[in-house]
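Everything below concerns the one structure shown next.
Values in this document were obtained by computation on a predicted structure and should not be read as measured data.
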Amino acid sequence: MSTLLTVLAVAGPLAAGWSVHTVWLRRSLRSARRDPLTGLRTRDGFTRRATALLKDPRAVVVLADIDRFKQINDTHGHAAGDALLKATADRLAHYVGRSGVAGRLGGDEFAAVVIDIHGTIGDLLAVLHGVLARPADGLDPAVRTTVSLGWVRAADHPGDDLSGLLRRADEAMYTAKQARAGVRRAGLGRLLATWSGRRAGRRGTGVAA
């Protein structure tokens with residue numbers, strides 16, 4: 001009996017220590033998958049969740065990019081730019097809700113995957129575009145911009161993985177930005193010519209699915 005008590009006395013603290021370590025690892029992993037500024041998922045966290053959502057044939061991939069972001073940073077300072085990023089992220093996350101996922105791919109570029117339950121994604125994204133254009137709370141009203149959105153239905157391109165769908169959404173977003181159209185759906189035809197899987201002159205943000 002004394003031997004058993006001794007073993008339990010030694011094993012108890014070890015088990016407790018391992019439990020604490022496991023909790024710490026889980027929290028660290030969650031933190032690593034969250035962008036510290038916006039609270040959205042980082043590339044890795046977004047990819048994992050988005051890939052799972054794409055199994056639903058109603059899934060839609062959206063890419064969002066803040067217009068004239070560098071100009072705002074240069075004119076009003078990085079604090080204003082950060083506030084704008086945070087406001088954009090909060091509004092996008094609210095729109096996506098718990099049934100979808102939103103992430104910050106880098107810089108002023110955001111991505112989302114949503115489930116188009118009622119087939120009204122075009123109308124909903126038009127509303128979202130207006131919401132994202134509102135001035136951020138607490139900022140000078142002069143610090144305002146718009147956000148260009150590109151989107152694609154996963155069901156239209158069954159052979160594409162997440163990376164391919166993001167490229168299509170990116171092409172549509174760039175077209176919307178150039179035309180100042182706000183929102184643009186990716187065409188069903190051939191992708192525009194790209195460099196390294198991205199349109200020419202665009203920073204690399206490919207996502208491995």
In this structure, CG of Leu63 is separated from CZ of Arg168 (nearest 0.5 Å) by 14.0 Å

Worksheet item: Going by heavy atoms in the side chains, are Leu132 and Leu149 under 4.5 Å from each other?
Response: yes

Tested for side chain to side chain contact (heavy atoms under 4.5 Å, CB included) against Val152, the lone hit among Val62, Leu166, Val61 is Val61

| message | Has Arg91 got a side-chain atom pairing as donor or acceptor with Arg134's backbone, closer than 3.5 angstrom? | response | yes

Interatomic distance, OG1@Thr75 vs NZ@Lys70, rounded to 0.5 Å, equals 9.0 Å

**Asked** Taking Arg167 for the side chain and Asp170 for the main chain, is one N or O donor matched with an acceptor at less than 3.5 Å?
**Response** no

Shortest non-hydrogen pair, Ala136 vs Ala83, comes out as CB-O, 4.3 Å

Where do His76 and Asp140 land on the side-chain contact (heavy atoms from CB on, under 4.5 Å) test, with the steps shown first?
CA-CA 9 Å; His76 301 282; Asp140 185 331; 5.5 Å; no

Check your understanding: Does Val114 belong to the same Ile/Leu/Val/Met/Phe/Trp/Tyr cluster as Val131, with side-chain heavy atoms less than 4.5 Å apart forming each link?
Key -> no

Across all chains, not counting sequence neighbours, the side chain to side chain donor-acceptor pair (under 3.5 Å) partners of Arg153 are Asp116

Nearest heavy-atom approach of Leu85 to Arg104 is CD1-NH2, 3.5 Å

Here the gap from Leu84 atom CG to Ile66 atom CD1, rounded to the nearest 0.5 Å, amounts to 4.5 Å

Could you check whether any side-chain N or O of Arg184 sits under 3.5 Å from a backbone N or O of Thr175, counting only pairs where one atom can act as donor and the other as acceptor?
no

Smallest heavy-atom separation, Leu37 atom then Lys86 atom, equals O-CD, 3.2 Å

Correct closest heavy-atom pair for Ala89 and Phe110 would be CB-CE2, 4.0 Å

In short, Leu53 meets Ile115 closest at the heavy-atom pair O-CD1, 4.0 Å

dist Arg185:CZ -> Leu125:CG (nearest 0.5 Å) comes out at 11.0 Å

Output for pair (His78 NE2, Asn73 CG), nearest 0.5 Å, gives 5.0 Å

Asp35 and Thr38: side-chain donor and acceptor closer than 3.5 Å? yes

Val60 and Val113: CA distance, side-chain angles, deciding distance, side-chain contact (heavy atoms from CB on, under 4.5 Å) verdict:
CA-CA 6 Å; Val60 171; Val113 174; over 6 Å; no

So CG of Leu124 and OH of Tyr95: to nearest 0.5 Å the spacing works out to 5.0 Å

Correct closest heavy-atom pair for Leu54 and Ala59 would be CD2-CB, 3.9 Å

Hits for side chain to side chain donor-acceptor pair (under 3.5 Å) against Asp67, two or more places apart or cross-chain, chain-then-number order -> Thr146, Ser148, Lys177

- [ ] Would you please say whether a donor-acceptor pair under 3.5 Å links the side chains of Thr47 and Arg43?
- [x] no

Contacts of Arg48 meeting side chain to side chain donor-acceptor pair (under 3.5 Å) (sequence neighbours excluded), chain-then-number -> Asp44

